[in-house]
Number of protein chains: 2
Amino acid sequence: MLMLPLSPRESARRRLLDALRREGPMARVEIGQHLGMSPASVSELAANLLDEGILVAEDSPDQSPGLLRGRPKTRLYFAETLGSVVGVWTGFNRIELRLVDSAGRTRASRHVERPLRNLEAEELMDVLARTIAAFAEESGARDVKAVGLACQGYVDTRDGIVAWSPVLGTRDLPLASGLGQRLGKPVLMENDASAMAFAIAQRHAGLRSGRTACLMVGDGVGLGFLIQGELYRGARFGGSEFGHVRLRRSGPQCRCGGRGCIEAYLADYALHRDAQLIDHRPAPTLLLPGEEAMGAVVEQARAGNPALLNLFHAAGEVLGDAVGILIQTLEPDHIVICGPGTRAMDLLRPSFEAALESQTIPELRALATIHVMESSMDLLTEGVVMQALRELDLDLARLKAA
Amino acid sequence: MLMLPLSPRESARRRLLDALRREGPMARVEIGQHLGMSPASVSELAANLLDEGILVAEDSPDQSPGLLRGRPKTRLYFAETLGSVVGVWTGFNRIELRLVDSAGRTRASRHVERPLRNLEAEELMDVLARTIAAFAEESGARDVKAVGLACQGYVDTRDGIVAWSPVLGTRDLPLASGLGQRLGKPVLMENDASAMAFAIAQRHAGLRSGRTACLMVGDGVGLGFLIQGELYRGARFGGSEFGHVRLRRSGPQCRCGGRGCIEAYLADYALHRDAQLIDHRPAPTLLLPGEEAMGAVVEQARAGNPALLNLFHAAGEVLGDAVGILIQTLEPDHIVICGPGTRAMDLLRPSFEAALESQTIPELRALATIHVMESSMDLLTEGVVMQALRELDLDLARLKAA
DNA sequence: GGCACTTTATTCGCGGTTTGAATAAATCAA
DNA sequence: TTGATTTATTCAAACCGCGAATAAAGTGCC
């Protein structure tokens, strides 16, 4: 992914197209009010986008039920002919797929159960490429322009390299170029928590101003950090795998090889593993438990099983510590706790709040509003697809310019 | 402190003045090369600044010893008539003061030994105001335009309020307005670690690109975070008191009231206190040990005292964990460890490196280069004074515009 | 001194961008 | 048909940075 700084024009253009994807077709006035731009500027930008065939103007004006005085609005929408983008998330034993058109509307989505762990690099990329191609085929996608891929781990978004991922066996895998060659299309990569953060912020206007830290708890624990609605990019990777911050020196085993990582308490695999151990069952491998298995653990705990309650108590404490660290380091305006892990928020909350209180002063804690969202995992593909669409927009603009 | 976004012009102007303060008088060509601006733009900007009386052009051209072909450069420098700024740092029992002219050159500096802890809010502000006024007086400052004040703790830079500081007895102290009234001048506030980070980045060009996390270890442990050379601003406070991140649930007592904070291992007061306890001396209060006392502790450890070595070992481990958290959360390009605490870096290093290695994967660790700098505390006043000067520049520009 | 040469600084005009104000367009209501 | 009303476009002005041409200010050599 190219990462040049955007010219003023490009950034205005991006804001316009973002708004149109989020809100659906809008008239020029509405866009202007929405973005705080003068009608003249919107008109100018829109004229370009219409010229380029990216947008189309409504021919039959809107018949909205309000009062109908004045010249009617002509709404602008995305051209249908611009092709589509596939968004992919590679989980542990599951691949999520989504096909969207250039307007950002989902045309098809599905998931495939397929364990990816322990595959050789080449085989992995073959499987992924075949799965993506088959999905596009069966969804009747005419013209797939790009693929966006979100995955856990340390993802170098610029070069499309996965430095390490719990899902993959190998290190430093050039996944974007490997898939790109196989599919004949550009592949853009993103850390999965970053993709989730972006998708959530697209849906909640309030999270697009100031600083938003999005903590995704599920298969693992990831962090996506947004400043003014844009993903914070570190030196090389996007959202770091915050889950591998070690909070307890001699805590439980983590799948990264370390001990006492945030993940090793909070992630599904960790909770499930420790629950099994309580029942004196053989410790399972690190493969991910399904939603049913996790639901069963949560239900037993809610029923009052004291050993399980302890487990969630410890996990809540770790979550509180983690949020405390985020608050003290980033001072965000918003903290979003999301992902499947929120299913047990009721069990986590008491120790979560106690831990958070005990490590931050009230003034600091009051800074950030904490949102708990049961965001489903298919938001992930939405986030990465949105990012891919924006890159395509930019490419188109630069193509025209040259 | 007003925090409006800068117009393109204002930002160019700021870059020019920054460069001139850092590098001293420069000719227009040199400024252009330095900042990557066209000669035309520099000429235009310079003309404005000369008009406004902020800069002055050299009348007798430079006689540098190189080859003297071509039209000689006329260097630009700051007008002497623009007044000065006082920078202040309030430590535990020490006040650092610095008087600089508008060119950023230090005209006078001194420090006053004066315990500030346990003073009532009004008395504290009286003492500070008197100290500052006396310093300005005795330094022969003609025209002090503003005061920049750095202090430990949670400092709201926008409103000039100290939410909490280990130095102060009270909470939510409106220090900027209180001092401002007493002195009749605007007072700008900054967290001390932020001020240090800014000062260090002004001196090291490499730290001004990308992301730089500056960890200051001394009286306490603070964090200043820079993105492209500009201080990262959180929701309300500048650099957070990162030292109060709790790393060990049942660790030693911290002066914030908690336990196991980073500070409670690494700060001078903590190391000194624990060293005293080893010698079975009564546990001292939390007042800060002087440099001699700390030097003695370090010397004893270097001489091989095993209990003291353990102390530094534990502190190094905490430092490693802290840097690990920074790397995994912010993914900075540079990490600077600075402040008086670096005096014992040789003792900290083995456990520091081991802890860092054990909690980050190599790819991630390789991202950030770690610099250890024995930055003296009087850089603090330099940092806050620089920030104050920039605000004054901006005010002047906006005054002219209106 | 005068002329060539070299380097620095300024000026000028252009292209790109945003905006307020004026204008045009499209519709409804009476 | 006319007027009212709202939407969209056009136009002139301002701004910003820049390349190119030009002016300025010296040195060095004859």
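Lettering follows sequence order; numbering is per chain, from 1.
With respect to the salt-bridge test (charged N to carboxylate O, under 4.0 angstrom), the residues Glu391(A) and Lys145(A) do not qualify. Taking a cutoff of 4.0 Å between a charged side-chain nitrogen and a carboxylate oxygen, Arg398(B) and Asp393(B) do not qualify as a salt bridge. Between Glu52(B) and Arg13(B) there is a salt bridge, since at least one side-chain N of the basic residue sits less than 4.0 Å from a carboxylate O of the acidic one. Here Glu44(B) pairs with Arg9(B) in a salt bridge; the nearest charged N to carboxylate O distance falls below 4.0 Å.
No side-chain donor-acceptor contact under 3.5 Å links Lys185(A) to the backbone of Gly180(A). One N or O on the side chain of Asp333(B) and one on the backbone of Arg211(B) form a donor-acceptor pair closer than 3.5 Å.
Side chain of Arg69(B), nearest nucleotide from dT7(C), dC18(D), dT11(C): dT7(C). Of the listed nucleotides (dG26(D), dA26(C), dT10(C)), dA26(C) has the atom at the smallest distance from the side chain of Pro72(A). Of the candidate nucleotides dT7(D), dC18(D), dT11(C), dT7(D) has the atom lying nearest to any side-chain atom of Val29(A). The side chain of Arg9(B) lies closest to dC16(D), out of dT7(D), dG19(D), dC16(D). With dT8(C), dC16(D), dT7(D) as the choices, the nucleotide that has an atom nearest any side-chain atom of Pro8(B) turns out to be dC16(D). For Pro39(B), whose side chain is taken as the heavy atoms from C-beta onward, the closest listed nucleotide among dT10(C), dT8(C), dT19(C) is dT10(C). For Arg28(B), counting side-chain heavy atoms from C-beta on, the closest listed nucleotide (dT10(D), dG19(D), dT10(C)) is dT10(C). Comparing dC18(D), dT10(C), dA8(D) by their nearest atom to the side chain of Ala40(B) picks out dC18(D).
What separates NZ of Lys73(A) from C1' of dA25(C) is a distance of 16 Å, to the nearest Å. One interatomic measurement links the two molecules: CG of Asp51(B) to C1' of dT10(C), which rounds to 14 Å at whole-angstrom precision. The interatomic distance linking Leu50(B) (CG) with dT10(C) (C1') rounds to 13 Å, in whole Å. One interatomic measurement links the two molecules: NE2 of His34(A) to C1' of dT7(D), which rounds to 19 Å at whole-angstrom precision. We find that CZ of Arg75(B) is positioned 12 Å from P of dT8(C), with the value rounded to whole Å. Rounding to whole angstrom units, CD of residue Glu58(B) and P of dT8(C) are separated by 14 Å. One interatomic measurement links the two molecules: CG of Leu35(A) to C1' of dT18(C), which rounds to 14 Å at whole-angstrom precision.
Listed by first and then second residue, the salt bridge (Lys or Arg N to Asp or Glu O under 4.0 Å) pairs that reach into residues 379-390 of chain A are Asp18(A)-Arg390(A), Arg98(A)-Glu382(A), Arg203(A)-Glu382(A), Glu230(A)-Arg390(A), sequence neighbours excluded.
Residue Ser41(A) places no side-chain N or O under 4.0 Å from the OP1 or OP2 atom of dT18(C). For the pair Arg71(B) and dT10(C), the criterion of a side-chain N or O lying under 4.0 Å from OP1 or OP2 is not met. One finds no side-chain N or O of Thr74(B) lying less than 4.0 angstrom from the OP1 or OP2 phosphate oxygen of dT8(C).
Each end of the helix from dG1(C)-dC30(D) to dA30(C)-dT1(D) gets its own axis from five base pairs, and the two axes differ in direction by 30°, given to 10 degrees.
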